[in-house]
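As the structure is a computational prediction, the values presented were derived from the model and not from experiment. Here is how names work: the chains are called A, B, and so on, in the same order as the sequence lines, proteins then strands, and each is numbered from 1.
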Amino acid sequence: MGRIPCCEKDNVKRGQWTPEEDNKLSSYIAQHGTRNWRLIPKNAGLQRCGKSCRLRWTNYLRPDFKHGQFSDSEEQTIVKLHSVFGNRWSLIAAQLPGRTDNDVKNHWNTKLKKKLSGMGIDPVTHKPFSHLMAEIATTLAPPQAAHLAEAAKGCFKDEVLHLLTKKPINFQGQHSTAALGNNITNYINCKPEEKDDTVEKI
DNA sequence: AAGCTCTTCAACCGCAATCAC
DNA sequence: TGTGATTGCGGTTGAAGAGCT
């Protein structure tokens, strides 16, 4: 038995869309709208599955789609929202007019994640690696902490290594952006000193 | 110039949520 | 209320191009 396929795989085309297919899909949707994706490829004369058509439309063809590079302010917004919502790409994309969840996800995975890591900030928790390493170091005996510091060489900045070889530091009084609560409006509108400096560093 | 590796991003897949009956 | 169909979402893949040796 198993799952019902979304379309007949045999006579369905896959891979890159051609300009001709784009035209067919765009003009069909311009005339009839986007109701019932399952019927759209059939009626538009496309050998594609409905799912593929929906994706092509939302991720590329729709009129308000914004082509081109992400601006600095868009990147800042993504980082802010990611610190609150995590990998809820559709939620994040909803705050960026013309951008799709796929767009945001790709940009995060290829650019922003590396950018944060390069700055010594953990892209998952949005805390500086130094904080995380220092937290770990508090649970280790000095020889183990020294070994960890050695292993961290080449990965993190001198600052981190310095922290690891010093006395444990209590970061309990500090908070991460993720701990700021679920309301993004509260986060965006809170006092500057209440935010961490992740976004500003970028 | 050729071959290899890395990066980017469009597209696919499977699951979950929602809708319609 | 239950069930099948449809839509939406997030993770993953793979082709194409860029950069390096």
Side-chain angles (χ1 to χ4, degrees), chain A residues 1-126 154-156 176-178 181-185 187 198 202:
Chain A
M1 296 295 279
R3 186 186 168 78
I4 303 162
C6 69
C7 49
E8 299 79 16
K9 306 259 181 207
D10 292 345
N11 40 10
V12 157
K13 196 184 162 198
R14 295 156 57 98
Q16 295 285 105
W17 279 67
T18 63
E20 192 194 346
E21 287 178 309
D22 283 346
N23 282 337
K24 278 186 182 177
L25 183 60
S26 297
S27 52
Y28 181 86
I29 289 173
Q31 275 191 302
H32 302 95
T34 58
R35 292 179 66 168
N36 202 338
W37 285 107
R38 198 177 162 82
L39 293 176
I40 285 176
K42 201 177 171 185
N43 295 342
L46 289 162
Q47 288 193 311
R48 294 276 182 176
C49 100
K51 216 172 178 178
S52 176
C53 291
R54 184 177 58 80
L55 214 63
R56 182 65 178 168
W57 173 255
T58 54
N59 285 348
Y60 197 79
L61 295 175
R62 66 191 167 89
D64 62 331
F65 177 70
K66 202 170 168 181
H67 297 262
Q69 295 285 312
F70 279 75
S71 67
D72 286 349
S73 69
E74 283 178 316
E75 289 194 341
Q76 286 184 15
T77 304
I78 293 170
V79 172
K80 277 181 192 171
L81 294 176
H82 186 273
S83 72
V84 178
F85 296 126
N87 294 0
R88 303 288 301 279
W89 306 116
S90 58
L91 220 55
I92 295 171
Q95 312 302 316
L96 298 166
R99 302 295 189 185
T100 68
D101 54 346
N102 209 35
D103 255 350
V104 174
K105 179 172 59 182
N106 279 335
H107 192 67
W108 174 263
N109 286 329
T110 58
K111 304 265 177 62
L112 296 179
K113 229 161 113 174
K114 289 173 192 167
K115 214 167 178 177
L116 288 178
S117 296
M119 287 163 33
I121 294 164
D122 178 30
V124 178
T125 62
H126 291 257
C155 299
F156 310 129
S176 71
T177 50
N182 290 330
N183 191 329
I184 185 59
T185 313
Y187 173 60
T198 303
I202 295 173

| said: A:Glu74 vs A:Lys66, test: salt bridge (charged side-chain N to carboxylate O under 4.0 Å, His left out). Steps then yes/no. | reply: CA-CA 12 Å; A:Glu74 283 178 316; A:Lys66 202 170 168 181; 3.0 Å; yes
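Computed from coordinates, the A:Trp108 CH2 to B:dT7 C1' distance equals 18 Å when rounded to whole Å. In this structure, A:Lys113 atom NZ and C:dG11 atom C1' are separated by 11 Å, rounded to whole Å. The CH2-P distance, from A:Trp17 to C:dG14, rounds to 21 Å in whole Å. Rounded to whole Å, the distance from CD on A:Glu21 to P on B:dA10 is 16 Å. Following rounding to the nearest Å, A:Leu55 (CG) and C:dC9 (C1') show an atom-to-atom distance of 10 Å. Atom-to-atom, CG of A:Asn102 to P of C:dG10 comes out at 11 Å; the value is rounded to the nearest Å. The nearest whole Å value for the distance from the CG atom in A:Leu25 to the P atom in B:dA10 is 16 Å. Distance A:Lys13 NZ to B:dC12 C1': 15 Å, rounded to the nearest Å.
No donor-acceptor pair under 3.5 Å is formed between the side chain of A:Gln31 and the backbone N or O of A:Tyr28. A:His82 contributes no side-chain N or O that, together with a main-chain N or O of A:Ile78, makes up a donor-acceptor pair within less than 3.5 Å.
The side chain of A:Thr110 lies closest to B:dC9 when the candidates are B:dA10, B:dC12, B:dC9. Here the side chain of A:Ser52 is nearest to one of C:dT7, B:dT8, B:dC12, namely B:dC12. With distances taken from any side-chain atom of A:Asp101 to the nucleotides B:dA10, C:dC9, B:dT8, the minimum falls on C:dC9. Side chain of A:Asn36, nearest nucleotide from B:dA11, C:dT6, B:dC9: C:dT6. Closest to the A:Trp37 side chain, of the nucleotides B:dT7, B:dA10, C:dT7, is C:dT7.
If A:Gln16 and A:Thr34 are placed on DNA chain C by their nearest nucleotide, the residue sitting closer to the 5' end is A:Thr34.
Aromatic ring pairs are classed by plane angle as parallel below 30°, tilted from 30° to 60° and perpendicular above 60°; the pair A:Tyr60 and A:His67 is perpendicular.
Nucleic acid contact for A:Thr58: none, since no nucleic acid atom lies under 4.0 Å from a heavy atom of the residue. Residue contacts for A:Asn87: at a heavy-atom cut-off of 4.0 Å it reaches the sugar-phosphate backbone alone, with no base atom in range. Contacts of A:Arg54 with the nucleic acid, taken as non-hydrogen atoms under 4.0 Å apart, include base atoms. A:Lys105 comes within 4.0 angstrom of a base, heavy atoms only.
In terms of heavy atoms, A:Ser26 sits closest to A:Leu61 at OG-CD1, 3.8 Å.
For A:Arg35, no side-chain nitrogen or oxygen approaches OP1 or OP2 of C:dT6 to under 4.0 Å. Applying the 4.0 Å criterion to OP1 and OP2 of C:dT6, one finds that A:Arg38 has a side-chain N or O inside that range. Considering only side-chain N and O atoms, A:Trp89 lies under 4.0 angstrom from the phosphate OP1 or OP2 of C:dG11. In this structure, A:Ser90 does not reach the C:dG8 phosphate: none of its side-chain N or O atoms is under 4.0 Å from OP1 or OP2. Checking the phosphate oxygens (OP1, OP2) of B:dC15, no side-chain nitrogen or oxygen of A:Lys51 falls inside 4.0 Å. For the OP1/OP2 pair of B:dA11 and a distance below 4.0 Å, the side-chain nitrogens and oxygens of A:Arg56 include at least one atom meeting the criterion.
Taking OG1 of A:Thr100 as the reference point, atom CD1 of A:Ile92 lies at 12.0 Å (rounded to 0.5 Å).
No donor-acceptor contact under 3.5 Å links the side chain of A:Asn59 to the base of B:dA11.
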